[in-house]
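Some notes on the structure that comes next.
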Amino acid sequence: QVQLVESGGGLVQAGGSLSLSCEASGRTLSTYAMGWFRQAPGKEREFVGGITRSGGSTRYADSVKGRFTISRDNAKNTAYLQLRSLKPEDTAVYYCAVTWRVVVTTAADDYDYWGQGTQVTVSS
């Protein structure tokens, strides 16, 4: 079993940037593909992006493509989500999650372990 802890959320003005981290413990992060999701109040959890086990391939939701960047450092057992050009509609709780699957999928049900989430609030 793996435990995931997100950090780095906060309050930022529109157009600003944030960097989120997801640190894993219990198992080696390189065992898993990783996804980032977000959930805004009253809305369903949605896929933001993901990265394969080696970090060689990434996938993003259209809503964040070109603004968000996912990376990972398996030696540090940590993954990252860089958020740039933030918009008020990016306000949500952001979660990292991992899956045994080889490919990055967009369905939350495909992920096996989740972090507790970190709040990102973008003011207009």
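Aromatic rings from Tyr32 and Trp100 are positioned such that their centres are separated by under 6.0 Å. Two rings, from Trp114 and Phe37, have their centers less than 6.0 Å apart.
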**Prompt:** Passes salt bridge (charged side-chain N to carboxylate O under 4.0 Å, His left out), Arg101 versus Asp112? Steps please.
**Reply:** CA-CA 9 Å; Arg101 296 171 183 262; Asp112 302 289; over 6 Å; no
**Request:** Go through the steps for Leu83 and Leu20 under the test side-chain contact (heavy atoms from CB on, under 4.5 Å), then give the verdict.
**Result:** CA-CA 8 Å; Leu83 302 83; Leu20 307 185; 3.6 Å; yes
**Request:** Using the side chain to side chain donor-acceptor pair (under 3.5 Å) rule, take Ser19 and Gln82 through it: C-alpha gap first, then chi angles, then the decisive distance, then the call.
**Result:** CA-CA 5 Å; Ser19 179; Gln82 301 283 342; 3.0 Å; yes
**Asked** After noting the C-alpha distance and the side-chain angles of Thr121 and Gln119, does the key distance pass the side chain to side chain donor-acceptor pair (under 3.5 Å) rule?
**Response** CA-CA 6 Å; Thr121 303; Gln119 176 71 47; 3.3 Å; yes
**side chain to side chain donor-acceptor pair (under 3.5 Å) between Asp110 and Thr105, worked out** = CA-CA 7 Å; Asp110 289 342; Thr105 67; 2.9 Å; yes
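Using modelled atom types, no side-chain atom of Asn74 and backbone atom of Thr28 make a donor-acceptor pair closer than 3.5 Å. Side chain of Arg53 to backbone of Thr31: a donor-acceptor contact under 3.5 angstrom is found. Between the side chain of Thr52 and the main chain of Ser57, a donor-acceptor pair closer than 3.5 Å is present. Put simply, the side chain of Glu6 gets close to the backbone of Gly117: a donor and an acceptor are under 3.5 Å apart. Proximity of a side-chain donor or acceptor of Arg59 to a complementary backbone N or O of Gly49 within less than 3.5 Å is not detected. In this structure, Thr99 contributes its side chain and Tyr111 its backbone to no donor-acceptor pair below 3.5 Å.
To the nearest 0.5 Å, atom CE of residue Met34 and atom OG1 of residue Thr58 are 14.0 Å apart. Interatomic distance, OG of Ser7 versus OH of Tyr80, reported as 9.5 Å (0.5 Å rounding). Here the OH atom belonging to Tyr94 is positioned 10.5 Å from the OG1 atom belonging to Thr118, to the nearest 0.5 angstrom. Note that SG of Cys96 and CD of Glu23 are 10.5 Å apart. Values are rounded to the nearest 0.5 Å. Here the OG1 atom belonging to Thr91 is positioned 9.0 Å from the CZ atom belonging to Arg38, to the nearest 0.5 angstrom. Between the CG atom of Leu29 and the CG atom of Leu4 there is a distance of 7.5 Å, given to the nearest 0.5 Å.
Ionic pairing of Asp62 and Lys65 is present here: one or more N-O contacts between side-chain nitrogen and carboxylate oxygen are shorter than 4.0 angstrom.
Looking at heavy atoms from C-beta onward, Gln116 lies in side-chain contact with Val5 at the 4.5 angstrom threshold. Counting only heavy atoms from C-beta outward, the side chains of Val120 and Leu18 approach each other to under 4.5 Å. Contact check for Val104 versus Phe47: side-chain heavy atoms found under the 4.5 Å cut-off. With a 4.5 Å cut-off on side-chain heavy atoms, Ser17 and Arg84 count as touching. Between Val48 and Tyr60 there is no side-chain heavy-atom pair separated by less than 4.5 Å.
Between Ala14 and Ser124, the shortest heavy-atom contact is CB-CA, 4.4 Å.
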